[in-house]
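All chains are named by letter (A, B, ...) in the order of the sequence lines, taking the proteins before the strands, and each is independently numbered beginning at 1.
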Amino acid sequence: MDQLLYGSNSEENIIAVHPASDHSVRMYIKSHDQITTSEVEFYPFFYLVSPKYLKDYPKKHWIKELNGDNYFRYLCAFTSWLEMWDAIRFVLDRYNENAPSKIYSYTDLPILHVRTDPIAQFLKQTGRTLFKGMKFEDLYRLQIDIETLTKRGFKFSNPHRLEDKIVVIALTDNRGWEHIIHAKRKSEKELLQEFVDLIREKDPDVIEGHNIFGFDLPYILTRCEMMSVDMDIGRDGSTPHPVDTRLSYAERSLGYTPYEIAGRQIIDTLLLLQSYDTANRSLENYSLKNAAKHFGFTKKDRVYLQPDRITWHWENEPDKLMRYCLDDARETGMLSDHLSPCVFLLTQMLPFNYSSVARLGTSAKIESLLLREYIRQKHSIPKPEIGTQTLGGYTDIFHTGVLGPVVDVDVESLYPSIMLNEKITPKTEKLGIFLSLLDELIKIRLDAKRKMEAASNQNEYLKFENLQHAFKTLINSFYGYLGYSKALFNDYKAADSVAQAGQIILGQLISRITESEGKVIEVDTDGVYFVPPKTVLDEKDEVDLIEAFAAQLPSGIKLQINGRYERMLSYKKKNYALLGYDGRVIVKGSSLISRTMEKYGRDFIKLCIEALLNNDFDKVHDSYVSYHKSIDGHRLSVKDFARTETLRDSYDDYINEVKEGKRNRSACYEVAIQSGMSWKVGDKVSYYFTGAETGVKGFENCKLADEWDPNFPDENVPYYLKRLDECAKKFEDFFSEKDFHAIFSIDDLFGFSSQGIYILTKSVKLEAREAQEEETESIHVEPKIWLDEDML
DNA sequence: GGACTCCGTATACC
DNA sequence: ACGGGTATACGGAGTCC
């Protein structure tokens with residue numbers, strides 16, 4: 001089992017593997033803080049359907065017929081990377097001789113499968129992994145952050161603009177060393193040279209930065225080139241280079257170009273934060289400052305500066321700017337302390353460099369484990385099947401309104417449990433290792449969870465918390481892997497079976513709850529929010545009740561209480577708010593907290609929800625009147641009503657698609673074009689709507705937020721009032737028509753009174769079924785029966 | 001010209 | 001190189017009366 005997870009080669013202390021030549025790699029070994037290297041030959045390979053495509057290929061190569069009858073039955077190996085690429089071109093030509101339509105790229109070749117990362121190939125072939133026998137603390141990690149000037153009149157600093165430049169570089173490490181380099185008394189060229197010399201002197205194993213791939217590294221590289229500074233910071237004296245020059249695609253789809261530095265690892269804490277949040281969904285944005293607050297390591301005297309005032313600070317308060325830069329580097333280090341340990345642990349298992357593990361998705365990780373074992377056992381591998389998954393999680397809503405008390409009960413690891421219980425595995429996975437891997441990963445996670453609960457201090461707790469979290473995401477993605485179109489071992493039927501089994505278990509749980517006189521409010525995939533029966537008085541009763549439910553579910557299915565709440569506002573599927581016993585309010589759902597909504601709308605809805613959860617109708621009314629007056633009197637700031645969108649297409653793509661009628665004009669692009677700004681894909685624009693009527697086209701009446709002048713406010717008041725009413729309308733179903741209009745009205749002629757107003761709770765199930773009944777004109781059934789069933 | 005549907009895009013939940 | 005389906009909201013364009 002160890003071999004499955006950790007690879008068959010137990011060599012220790014490897015801290016990096018990078019290409020040395022086109023037929024060898026260099027391993028960097030660390031022992032007693034000394035780095036040694038060793039160069040190892042390796043044999044590039046690809047998979048092929050039939051040896052006939054390599055017939056008469058003149059250069060040295062081996063073709064090995066593999067066991068089993070999966071699609072790719074031959075493994076072809078070569079003596080050098082270049083010769084492997086030669087062979088790929090050879091196969092491409094051979095294939096095209098008889099192909100119905102000509103293929104130009106190896107990626108479209110259905111008869112060949114190749115992974116173009118030489119290091120991943122080498123590690124898979126040899127069963128080696130990085131960091132064996134090491135602790136996270138053994139790594140020497142260095143953090144960097146830079147501050148740059150921006151030419152007057154421009155919003156973003158641009159390394160290609162001669163007037164813009166790097167003025168401060170802060171460096172910190174995980175041993176308490178801190179250093180600032182700045183350009184007050186030296187040229188930028190001298191500053192860059194000092195930086196390069198420092199990196200070589202400190203000789204870090206890992207270089208960390210927040211958005212280092214998207215900003216710091218490309219910026220430094222560009223300036224080094226412009227100033228003729230040799231950025232030879234690789235441990236073999238080489239300069240940083242893009243990971244795979246063949247794939248310019250990555251740049252477009254990822255929005256950044258990953259770099260490599262020979263003998264070292266690069267960690268972008270922005271990427272770590274993003275992948276942490278895909279499962280957690282608790283971060284408002286991915287800025288370093290916000291992350292520091294979220295994890296609670298912001299220092300008391302931390303310096304905050306406005307990003308668009310950096311140039312001003314450099315000219316007027318350079319010391320403050322330097323402290324700010326240093327604080328950024330420090331926080332990057334602390335963020336990495338939190339998020340990197342799980343990447344470190346995964347790197348001990350996976351056939352990739354540390355920096356690759358940090359970048360790759362969960363699917364690539366699972367597949368690498370499968371492939372490594374298939375190579376070891378010399379077994380043929382499948383190709384992805386074509387099709388789609390047809391079933392997903394079960395989502396339903398039974399009641400709207402405000403209800404309570406509420407228990408959120410979860411089926412623990414629903415999909416992984418089903419896969420193990422029912423032995424659901426890809427049909428092409430002939431070695432039977434898919435479930436063994438899953439089983440083992442679950443064991444490791446449970447172990448981490450136990451250690452987390454037994455932790456004696458906060459640090460230890462966080463360490464194991466992160467660890468079990470990393471495994472949780474990997475474990476949960478085994479199900480996603482089954483339905484992933486590009487996965488070699490995908491199996492849509494298997495994915496559907498898992499989803500269906502999940503739906504059935506949720507259905508059983510719902511039945512148990514209603515049978516016990518509990519009231520189910522809403523269900524999503526693996527969890528249920530419900531009002532426990534009146535006989536349940538306290539937390540202990542709730543625990544007992546859940547245990548009783550679990551006993552009636554299939555064995556191996558465990559329930560856990562995810563949360564307890566005083567009240568719940570149920571709006572629509574996946575859209576609700578919770579009032580905790582500590583008074584805290586959590587709002588969920590895109591229609592209640594979407595980032596596309598104007599800030600004032602979000603604020604207004606938040607206020608209303610908090611007031612509704614506390615039965616304070618006066619406050620709801622006051623909020624409405626207050627926002628109405630503020631909009632009407634131009635008293636909101638542009639920050640409150642501006643909308644911010646990402647420009648996902650380039651100027652040319654947008655113009656062409658509009659011309660061809662493939663897409664509509666949209667305000668964010670129009671405003672960017674109109675203001676003459678040039679943008680990169682992924683840039684954001686903030687804009688607002690102008691004009692004096694509601695019915696006008698948005699894209700013809702918009703302006704950049706920066707152009708808004710508080711002395712001559714020209715925002716579209718009727719439009720923003722209409723938006724306010726649209727927000728209010730979300731609460732329409734919670735009240736009688738009369739009450740709704742009394743609350744959300746500015747007509748205070750007779751004064752507003754909340755007397756006699758109450759929130760309606762409705763049974764959604766009942767209405768939905770009646771509607772469905774009308775639609776399908778199915779057999780008429782007495783409403784009494786539906787009522788009965790609903791009350792069960 | 002307003003009410004309606006359709007469609008693509010964006011965001012969020014699990 | 002890239003996990004998945006389910007769900008709501010919204011702007012713009014086309015269609016109908």
Side-chain angles (χ1 to χ4, degrees), chain A residues 107 115-117 120 243-244 246-258 275 277-282 356 359-368 384 388-397 408 410-411 413-415 472-487 490 492 495-496 498-499 502-503 506 522-529 562 571-576 586-598 601 643-646 648-649 657-658 661-668 670 689 695-700 702 719 723 726-727 729-730:
Chain A
T107 49
R115 285 282 142 95
T116 58
D117 173 355
V243 165
D244 191 345
R246 246 167 254 277
L247 292 171
S248 62
Y249 184 93
E251 199 173 347
R252 269 181 292 145
S253 77
L254 300 173
Y256 66 87
T257 315
S275 79
D277 199 49
T278 46
N280 207 295
R281 287 276 165 208
S282 53
S356 307
R359 262 193 341 262
L360 287 169
T362 46
S363 180
K365 290 174 182 146
I366 292 171
E367 193 157 280
S368 72
T388 48
Q389 198 179 324
T390 58
L391 230 69
Y394 170 51
T395 310
D396 213 343
I397 185 165
D408 171 15
D410 253 30
V411 180
S413 308
L414 177 65
Y415 291 153
K472 186 178 177 182
T473 53
L474 196 54
I475 288 162
N476 284 337
S477 50
F478 270 65
Y479 160 72
Y481 182 85
L482 293 175
Y484 177 39
S485 61
K486 303 281 166 60
N490 65 2
Y492 298 113
D496 282 339
V498 177
Q503 296 207 1
L506 257 289
E522 98 133 37
V523 187
D524 193 348
T525 309
D526 58 1
V528 180
Y529 288 94
N562 217 21
Y571 175 53
K572 286 184 171 171
K573 290 175 186 176
K574 296 179 196 278
N575 287 271
Y576 55 86
I586 302 165
V587 183
K588 296 270 190 181
S590 62
S591 59
L592 300 178
I593 54 160
S594 171
R595 265 183 286 218
T596 47
M597 201 186 295
E598 297 83 355
R643 203 176 283 178
T644 303
E645 282 181 61
T646 310
R648 279 160 210 277
D649 289 317
E657 284 185 21
V658 168
K662 276 191 196 158
R663 68 134 79 206
N664 298 322
R665 287 186 179 277
S666 99
C668 58
E670 295 300 321
F689 292 116
V696 292
K697 285 192 176 94
F699 64 78
E700 288 168 353
C702 45
Y719 171 79
R723 292 283 296 156
E726 281 166 6
C727 291
K729 222 173 149 62
K730 292 180 194 293

(message) Keeping D524(A) on the side-chain end and K574(A) on the backbone end, is there a donor-acceptor pair under 3.5 Å?
(response)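 No, D524(A) side chain to K574(A) backbone: no donor-acceptor pair under 3.5 Å.
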(message) Any side-chain to backbone donor/acceptor pair from N575(A) onto K573(A)? Under 3.5 Å, distance only.
(response)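 Between the backbone of K573(A) and the side chain of N575(A) there is a qualifying donor-acceptor contact (under 3.5 Å).
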Interatomic distance where [atom1] belongs to [X] and [atom2] belongs to [N] [whole Å]:
X	N	atom1	atom2	value
M597(A)	dT9(B)	CE	C1'	16 Å
K574(A)	dA12(B)	NZ	P	14 Å
Y479(A)	dG5(C)	OH	C1'	6 Å
N476(A)	dG3(C)	CG	C1'	11 Å
Y492(A)	dG5(C)	OH	P	9 Å
K472(A)	dG3(C)	NZ	P	19 Å
E645(A)	dT9(B)	CD	P	13 Å
Y415(A)	dG4(C)	OH	C1'	9 Å

Using a 4.0 Å heavy-atom cut-off across all strands, classify [X] as base, sugar-phosphate, or nothing.
X	result
R643(A)	sugar-phosphate
Y484(A)	base
I366(A)	nothing
I593(A)	sugar-phosphate
L482(A)	nothing

(request) Sort out the partner of dC7(B) for me: Watson-Crick or G-U wobble, both distances under 3.5 Å, none otherwise. (result)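 Pairing partner, where one exists within any strand: dG11(C).
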(message) Could you identify the nucleotide paired to dC2(C), looking across every strand shown and requiring Watson-Crick or G-U wobble geometry with both distances under 3.5 Å?
(response)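 Pair assignment: dC2(C) / none.
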Nearest-neighbour nucleotide for the [X] side chain, [options] considered:
X	options	answer
K572(A)	dA9(C), dA12(B), dC14(B)	dA9(C)
S590(A)	dT6(C), dG3(C), dT11(B)	dT11(B)
K573(A)	dA7(C), dG5(C), dG3(C)	dA7(C)
R723(A)	dC14(B), dG4(C), dC10(C)	dC10(C)
D524(A)	dC13(B), dG11(C), dT6(C)	dC13(B)
D526(A)	dG11(C), dC14(B), dA1(C)	dC14(B)
Y576(A)	dT11(B), dT8(C), dC14(B)	dC14(B)
A364(A)	dA1(C), dC14(B), dC2(C)	dC2(C)

(request) Measure across S591(A) and Y571(A) and return the closest heavy-atom pair with its distance rounded to 0.1 Å. (result)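 Shortest heavy-atom separation between S591(A) and Y571(A) comes out as OG-CE2, 3.4 Å.
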(message) Looking at every heavy atom in both A499(A) and Y415(A), which two are closest together, and how far apart are they?
(response)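 Taking A499(A) first and Y415(A) second, the nearest heavy atoms are CA-CE2, 4.2 Å.
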(message) Using heavy-atom distances to pick each residue's nearest nucleotide on DNA chain C, tell me which of T596(A) and G393(A) is more 5'.
(response)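 So the residue in question is G393(A).
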Short side-chain N/O contact from [X] to OP1 or OP2 of [N], under 4.0 Å:
X	N	result
Y719(A)	dG11(C)	yes
Y571(A)	dA9(C)	yes
R595(A)	dA12(B)	yes

(request) Run the salt-bridge test on E726(A) and R723(A) with the 4.0 Å N-O cut-off and return the result as yes or no. (result)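 Yes, charged N to carboxylate O under 4.0 Å.
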(request) Could you tell me whether E367(A) and R115(A) have a side-chain N and a carboxylate O separated by less than 4.0 Å? (result)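 Answer for the salt bridge query: yes.
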(message) Surrounding NZ of K730(A) (heavy atoms of other residues, nucleotides or ligands, distance under 6.0 Å), is the total greater than 12?
(response)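 Yes, NZ of K730(A) has more than 12 neighbouring heavy atoms, counting only those of other groups under 6.0 Å.
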